[in-house]
4 protein chains.
Amino acid sequence: MEFSEKQLEILHVAENLFSKNGFDGTSVRDIAQEAQVNVAMINYYFGSKDKLLDDLFTYRVEKFKMDESILNLTSPVMEILDEMISSYIKYMNSSLAIYQIIAIEAGVKRRLMLSDSYKNLKEHNLQVISSIIHRGIETGEFLSGNDPILIHATMMGTFMNFQMNKTFLKSQLNITTDEAYSKYMESTLVIHLQRTIKALLTYAY
Amino acid sequence: MEFSEKQLEILHVAENLFSKNGFDGTSVRDIAQEAQVNVAMINYYFGSKDKLLDDLFTYRVEKFKMDESILNLTSPVMEILDEMISSYIKYMNSSLAIYQIIAIEAGVKRRLMLSDSYKNLKEHNLQVISSIIHRGIETGEFLSGNDPILIHATMMGTFMNFQMNKTFLKSQLNITTDEAYSKYMESTLVIHLQRTIKALLTYAY
Amino acid sequence: MEFSEKQLEILHVAENLFSKNGFDGTSVRDIAQEAQVNVAMINYYFGSKDKLLDDLFTYRVEKFKMDESILNLTSPVMEILDEMISSYIKYMNSSLAIYQIIAIEAGVKRRLMLSDSYKNLKEHNLQVISSIIHRGIETGEFLSGNDPILIHATMMGTFMNFQMNKTFLKSQLNITTDEAYSKYMESTLVIHLQRTIKALLTYAY
Amino acid sequence: MEFSEKQLEILHVAENLFSKNGFDGTSVRDIAQEAQVNVAMINYYFGSKDKLLDDLFTYRVEKFKMDESILNLTSPVMEILDEMISSYIKYMNSSLAIYQIIAIEAGVKRRLMLSDSYKNLKEHNLQVISSIIHRGIETGEFLSGNDPILIHATMMGTFMNFQMNKTFLKSQLNITTDEAYSKYMESTLVIHLQRTIKALLTYAY
DNA sequence: AATGAATGAGACTTCATTCAT
DNA sequence: TATGAATGAAGTCTCATTCAT
């Protein structure tokens with residue numbers, strides 16, 4: 001799907017507003033005003049508000065696919081795992097708005113979850129994780145018996161928890177700016193997840 | 001705060017609808033209809049839709065406090081940790097609706113996050129986790145250097161991730177009923193979290 | 001009609017609120033709250049909000065009758081006229097709230113104007129003025145040909161104009177307090193009206 | 001400010017209803033129905049009911065400015081005074097509806113009185129009256145010591161009194177039609193005010 | 001006699017969408 | 001292609017009143 005410049009601007013504005021106020025909490029008027037276009041244009045371009053969300057999702061979803069090229073690396077599997085976690089968290093953090101929307105609107109109601117591309121995305125990412133784990137098992141570095149689904153849920157969930165409790169956690173961590181919080185996630189949080197997942201995969205309690 | 005039977009019914013209905021459709025996606029008409037009361041009654045009882053959410057939150061929030069009496073147990077700290085994780089997940093799972101609401105509405109906009117009781121709840125739970133970790137460090141069973149904030153985020157986030165991706169994960173796990181999914185979380189997921197957190201606290205990779 | 005103490009308090013509160021916010025701008029809840037009674041009590045005591053206004057009117061209307069005993073004075077008619085104007089303005093000024101209500105609600109809609117007691121009041125006052133004028137004509141001090149209706153309208157209208165433009169006139173007259181404004185009306189305004197009406201009645205331009 | 005034809009119709013309908021039933025006594029539904037437009041259109045055009053009143057006021061207020069060109073006339077000041085009174089009353093009488101609204105809503109509550117244009121209007125009119133009086137004093141035809149504020153209040157108040165007691169006065173004056181009442185005000189009332197004010201300005205009792 | 005609980009009606013406003021151009 | 005105008009539906013909330021006790 002190709003989007004014109006105007007359409008792209010609308011998508012970006014919508015993405016921002018949806019992430020701040022939720023889908024239901026954002027009106028097409030809000031979007032039109034901030035994108036400096038006519039209200040009618042949203043429907044003209046996207047058909048409806050619902051379809052706008054679909055298009056936004058389709059537009060962004062590709063970027064949430066884990067980069068499977070890391071599977072081709074000859075690096076030690078431990079490094080590949082670290083890299084996967086690090087780059088995934090960094091990417092999610094940089095495209096936070098849409099991810100927030102997905103997390104919320106996928107939980108709520110029918111929206112998005114029905115979408116095939118959403119399912120494909122999830123399956124792809126699980127597959128990448130799964131491949132890494134299997135490789136580690138083959139090299140004898142990872143223990144078997146760990147479900148990629150649980151690993152993925154831990155990685156994703158921990159990150160999202162940091163997003164959704166931003167206000168509270170900033171005060172707990174004595175972080176004052178959004179930039180510092182973002183940096184914290186890309187360093188301390190990444191390290192925590194790397195340690196956590198590696199411990200899980202290597203340590204038989 | 002004391003609630004009459006009618007008020008409680010309204011709260012329960014609202015809780016259910018908010019968790020399914022979000023706050024903005026639920027109208028007072030919807031609530032009134034499902035609770036079989038007059039629309040005006042919602043405002044009569046709670047003042048406004050916003051205040052209804054506040055009251056619902058206040059009504060439920062107490063139950064999300066971790067039971068600190070486990071700190072008084074003389075059991076090995078490892079068992080206390082297991083028990084904490086198990087009972088917390090089980091409780092969240094049984095009071096899922098409100099938790100879903102909190103997770104979403106706390107992320108979106110100003111709502112709830114501002115609430116003192118929300119902050120108190122979070123701080124209390126962090127304190128309980130912190131106490132357990134410190135005890136483990138004292139007995140030499142846990143490594144030092146692990147931030148309770150990260151532990152808590154991992155536990156909570158993983159659980160929430162299971163909630164918010166229910167539809168997708170059910171299909172991935174070949175689970176057909178909500179009951180089976182719930183049972184999965186209270187067994188497999190709990191064990192996963194227990195293993196994960198214990199690995200983290202005991203194993204220096 | 002006899003009113004209990006509670007009823008009287010309600011009437012006084014209603015009078016005050018009606019004069020400040022108008023009849024439609026005042027809710028029975030407002031009245032109940034300020035009078036510290038149950039909402040249902042307004043209807044219980046007065047039947048309806050409309051009837052409350054009726055009762056308030058009936059309760060107060062008697063006091064707006066000009067004191068006809070001044071007609072029995074043997075003073076010069078000029079002094080009687082002065083006294084009538086002075087005491088009428090002073091009385092209206094002291095019972096301002098209800099008069100404001102009457103002025104507004106009588107102009108708006110059907111309310112009050114239909115009331116017999118309102119008509120009787122007006123006729124009574126016109127009669128008193130008329131008697132004074134006639135006496136002046138008989139003594140040769142007043143010119144004939146002046147309609148009491150116009151005299152009354154001038155007196156009443158000028159006073160009400162001062163009421164309804166209070167905010168503006170206070171600033172124009174450099175008056176800062178309500179008390180000073182009230183005093184202005186009972187002195188300067190009274191003198192103006194006395195001069196105006198006497199000029200009219202005695203001077204054929 | 002420019003208004004479309006539809007907007008003007010709404011304004012006219014609103015003006016009429018507000019004058020009959022008061023602002024609070026008129027619903028946007030009433031206005032929409034009588035103007036034969038959609039209810040939503042009132043908000044679409046004017047933003048809110050309050051802003052509609054503002055716009056109505058702005059739209060009409062200009063017309064209530066006394067024509068200051070009469071100050072340029074070389075006619076005797078007595079004629080200028082007569083002309084001022086006559087044309088002012090005639091104009092108010094022809095634009096009665098809005099004036100009724102102003103009189104009521106300016107007295108009640110905060111509305112309008114706060115408006116700058118209202119204050120400007122009042123100041124302008126006082127200025128015109130003041131100029132005429134000063135000219136009369138200069139020519140030796142008027143006595144000094146008369147406050148234009150009191151003159152204005154008398155003129156305006158007497159007229160408004162006739163408006164607000166229309167029902168009662170019609171019966172007192174044996175006038176059956178609104179047209180006849182209107183004619184009475186433009187003749188007898190005007191003459192009364194001219195005589196009154198001239199007597200006041202020329203006669204030292 | 002008095003009142004807390006409850007309610008239908010209607011208030012103003014905003015919504016996403018469509019129409020006519 | 002693009003948009004200003006318009007609208008029906010629905011939103012939340014307040015109203016005066018009544019009911020059951």
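Sequence lines set the chain letters: A, B, ... in the order given, protein chains first and strands last, and positions in each chain run from 1.
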Interatomic distance, [X] atom [atom1] to [Y] atom [atom2] [nearest 0.5 angstrom]:
X	Y	atom1	atom2	value
C/N43	C/L52	CG	CG	9.0 Å
D/M160	D/Y99	CE	OH	6.5 Å
C/M164	D/E105	CE	CD	9.5 Å

Requested in this report: Could you list by number each residue of residues 26-44 of chain B showing a heavy-atom separation from DNA chain E of less than 4.0 Å, or answer none if no residue does?
Outcome: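 Only B/N38, B/A40, B/M41, B/Y44 qualify.
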Please report, rounded to the nearest Å, how far the [atom2] atom of [N] is from the [atom1] atom of [X].
X	N	atom1	atom2	answer
B/E9	E/dA5	CD	C1'	16 Å
B/E2	E/dA5	CD	P	14 Å
B/K49	F/dC13	NZ	C1'	12 Å
C/K6	E/dA2	NZ	C1'	10 Å
B/D24	E/dT14	CG	P	15 Å
B/K51	F/dT14	NZ	C1'	13 Å
B/I10	F/dT12	CD1	P	14 Å
B/L53	F/dT12	CG	P	13 Å

**Report entry** Name of the residue among A/T26, A/I98, A/I102 meeting side-chain contact (heavy atoms from CB on, under 4.5 Å) with A/F18
**Finding:**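 One option only clears the test, and that one is A/T26.
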Query raised in the report: Just checking, is any N or O donor in the side chain of D/S27 or D/D30 under 3.5 Å from an acceptor N or O on the other one?
Result: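 Checked: D/S27/D/D30 side chains pair up, N/O donor to acceptor below 3.5 Å.
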Query raised in the report: Within a strict 4.5 Å, meaning less than it, do heavy atoms of the A/F64 and A/F57 side chains meet?
Result: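 Not touching, per the 4.5 Å side-chain cut-off.
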Query - Touch class at under 4.0 angstrom, heavy-atom based, for D/F46 against every strand present - result: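 Result for D/F46 = nothing.
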Report task. Report the base-pairing partner of E/dT17 (Watson-Crick or G-U wobble, both distances below 3.5 angstrom), or none. Result ->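 F/dA6 - that is the nucleotide pairing with E/dT17, both distances being under 3.5 Å.
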